[in-house]
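In what follows, every chain begins at residue 1, and chains take the letters A, B, ... in the order their sequences are listed.
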Amino acid sequence: MEDRINRDFIRDIVKEDLASGKHESITTRFPPEPNGYLHIGHAASICLNFGIAEENDSATCNLRFDDTNPSKENTEFVEAIKEDIKWLGFNWDEREYFASDYFEKLYGFAVTLIEKGKAYVDSQNQEEIRENRGTLTHPGNDSPYRSRSVQENIALLKEMRAGKHEPGSHVLRAKIDMSSPNLNMRDPVMYRILDTPHHRTGNTWPIYPMYDFAHGLSDSIEEVTHSLCTMEYEDHRPLYDWFINELKVFKSRQIEFGKIFLSHTILSKRNLTKLVENNLVTGWNDPRMPTISGMRRLGYSAHSIREFCQRVSITRRWNTAEIELLEHCLREDLNKKAHRALAVLKPLKLVIENYPENQVEYLEASNNPQDDSSGIRKIPFSRELYIEQDDFMETPPKRFFRLTPGREVRLRYGYFITCKEVIKDPVTNDIMEIRCTYDPDTRGGNAPDGRKVKSTIHWVSANHAIDAEVRLYERLCLDPEPDISDGKNLESVLNPNSLEVINSAKLEPSLKESTSGNPIQFERLGYFCLDSEDSKDKDNLVFNRTVSLRDSWAKTQSSN
RNA sequence: UGGGGAUUCGUCUAGCGGUAGGACAACAGACUCUGAAUCUGUAAGCAUAGGUUCGAUUCCUAUAUCCCCAGCCA
């Protein structure tokens, strides 16, 4: 899979442009607005833009923050975005830009357009502008201010820049065509007055450029050859080209592709912001969030996210990838990388009656059976163990292979044991303890006489186990495509069981040395990792379940 | 009802006039010291209707369905 070559219609265009000599080198850009954290949908765009740069010797990708709306943007987001892109494994070297770096140049472009008679200051209020824009089916009306003289426009714009006018009193508009069937061409606003300080330019600018004006010209300033964006900007392309053509500047080319959605989650920035602000999650990096930082904290590997983006590919279609594909990419990667460990989430005491009291043996276990170079470790074994509650049933259903009264099973890397007795609480009738015997000849897990057992279960030594908190995460939404249309209560689409906290899991002692960022497979349970936020103290271990192992037993159970 | 875009197995995707292929998911089986992994197999698709052609998923014409656009957001 790793050596599969990326191919899609955009990479085809890039290749052709290089082959035909249209461009000697290629420049793309990833243009986030720093008003939130990056999510899995952005990862697709990052992989596309930075991927093209990586794949072509003569290509580079700029990181440019589209910071033209100071009321929503801040440096926390800038820093988080940079960290996420780096973590995904991409780099932009010194090519870190901000649209706000170009405010002076952009202002110059605006003046040029006025001088050409292609822009004017409109003094209608917001309401009037909206009314005169017309509708989808009816053309708009020209503004009464549309024919102001060049001198007057220049003077007004200077005053706007000097802070002499109130927000909302004037805007600068391109003079295009109020009857265009494309609403974007009906004299789009280029500048508005805002008295909000900007996170980088402070109070130096009382006016801020709008996206359509700023974005394409920023591309042009950077000599971006291929400006890749999502389909909803297709209607904006005539405007993108209009600014570039009127100003006779470097011709960047905008190419649109379909956005990628993910099932069982929410991806719009507006709703993610709401989850954070309403404390429906613990923050932008809550492990349930589809953000890069949330996924990182959950235990996703960068490689698996990049693999996912590659497999979903880039087309002009609107698509929703199933989360199962993402999880497959994750498991595939973690299966190769994760060290194994034994951990019991819901402990059930098990006593081996014929095992000597006070004896401790250290049994060898493979760190990763999928990887011979991963080495082995030793796990303490003793008379009293914990096993998983789910691994014992007094009256089992058909096809239950685990421990039941009278049955022999294998303890992973340990011995064969046979259940002799079940001890229950006399009052509640709850199972308190299982009494077993072991076969000393099966040390390490194999019987010299060649007899087989139907199952192998995991365990930890009661006296040696360490305690930990384990957080079992599930998908954010139960519905594959949650309905979050306006007016819907966001909370109602959230999975009420997206987090189950286990306070006293019992882990094999080697897990004491875990470090965050390293995946671990708790055998037979799933992939876990140390929580990067709440596990800083070695005496207070917190593990997150990244993803469970596939479980065909659970599946047959639930389908019955 | 204006403009723009999309439509291939459940999902994602290949196809560029000549047997519709892959991945994930599903199902069945083999194997197994993880009911994992691995392996094998099964089922499943060209939105519809016309036309052009020896031959159409591919070209043409309609139709249908879905998505985007009326921010001084990006």
> If the P atom of B/C66 is compared with that of B/G29, how far apart are they to the nearest Å?
Replying inline: 41 Å

>> Go through it in stages, so that I can follow the logic: the residues are A/Ser313 and A/Asp8, the test is side chain to side chain donor-acceptor pair (under 3.5 Å), and I'd like the CA-CA distance, side-chain angles, deciding distance and then a yes or no.
In response: CA-CA 7 Å; A/Ser313 190; A/Asp8 53 63; 5.2 Å; no

>> In this structure, how many angstroms lie between the C1' atom of B/C12 and the CG atom of A/Asp8, rounded?
In response: 14 Å

> To the nearest Å, how far apart are A/Arg402 CZ and B/U32 C1'?
Replying inline: 15 Å

> How is A/Asp212 classified with respect to the nucleic acid when contacts are heavy atoms under 4.0 Å: base, sugar-phosphate, or nothing?
Replying inline: nothing

> Touch check for A/Leu411, heavy atoms < 4.0 angstrom, all strands: base, sugar-phosphate only, or nothing?
Replying inline: nothing

>> At 4.0 Å (heavy atoms only), tell me whether A/Ser263 reaches a base, stays on the sugar-phosphate, or touches nothing.
In response: nothing

> Looking for any heavy atom pair under 4.0 Å, which part of the strands does A/Phe257 touch: base, sugar-phosphate only, or nothing?
Replying inline: nothing

> Which heavy atom in A/Ala174 sits nearest to a heavy atom in A/Trp242, and how many Å separate them?
Replying inline: CB-CZ3, 3.8 Å

> Can you tell me the Watson-Crick or wobble partner of B/G55, both distances under 3.5 angstrom?
Replying inline: none

> Can you check whether A/Arg524 has a side-chain N or O nearer than 4.0 Å to OP1 or OP2 of B/G35?
Replying inline: yes

> Base, sugar-phosphate, or nothing: which does A/Glu232 touch, judged by heavy atoms less than 4.0 Å apart?
Replying inline: sugar-phosphate

> Between A/Phe9 and A/His170, who's closer to the 5' end of RNA chain B by nearest nucleotide?
Replying inline: A/Phe9

> NA contact type, A/Glu324, heavy-atom cut-off 4.0 Å: base, sugar-phosphate, or nothing?
Replying inline: sugar-phosphate

>> So A/Arg316, base contact, sugar-phosphate only, or nothing? Heavy-atom distance under 4.0 Å.
In response: sugar-phosphate

> At under 4.0 Å between heavy atoms, what does A/Thr315 touch on the DNA or RNA strands: base, sugar-phosphate, or nothing?
Replying inline: sugar-phosphate

> Contact class for A/Arg340 vs. all strands (heavy atom < 4.0 Å): base, sugar-phosphate, or nothing?
Replying inline: base

> Is the ring centre of A/Trp553 under 5.5 Å from the base ring centre of B/G35, and are the two planes under 30° apart, so that they stack?
Replying inline: yes

> Which whole number of Å gives the distance between the P atom of B/G3 and that of B/U58?
Replying inline: 26 Å

>> Walk me through whether A/Arg29 and A/Ser218 qualify under side chain to side chain donor-acceptor pair (under 3.5 Å).
In response: CA-CA 10 Å; A/Arg29 105 268 88 118; A/Ser218 297; over 6 Å; no

> Between the main-chain N or O of A/Arg402 and the side-chain N or O of A/Arg407, is there a donor-acceptor pair closer than 3.5 Å?
Replying inline: yes

>> Quick check: on RNA chain B, is the nucleotide nearest A/Met231 upstream (toward 5') of the one nearest A/Ser313, or the reverse? Name the residue that is more 5'.
In response: A/Met231

> Which part of the nucleic acid does A/Glu327 contact within heavy-atom distance under 4.0 Å: base, sugar-phosphate only, or nothing?
Replying inline: nothing

> Watson-Crick or G-U wobble partner for B/G29, using a 3.5 Å limit on both distances?
Replying inline: B/C39

>> Does A/Glu166 reach a base, just sugar-phosphate, or nothing at all? Heavy atoms under 4.0 Å.
In response: nothing

>> When the C1' atoms of B/U53 and B/C67 are compared, how many Å lie between them, rounded to an integer?
In response: 34 Å

> Among the nucleotides B/C24, B/A74, B/C16, which one has an atom lying closest to any side-chain atom of A/Arg7?
Replying inline: B/C16

>> Tell me the closest heavy-atom pair linking A/Tyr208 and A/Thr68, and the distance in Å.
In response: CB-O, 3.6 Å

> Across the strands shown, which category fits A/Glu234 at heavy-atom distances under 4.0 angstrom: base, sugar-phosphate, nothing?
Replying inline: sugar-phosphate

>> Quick test of the criterion, 5.5 Å between centres and less than 30° between planes. Is A/Trp318 stacked on B/A6 or not?
In response: no

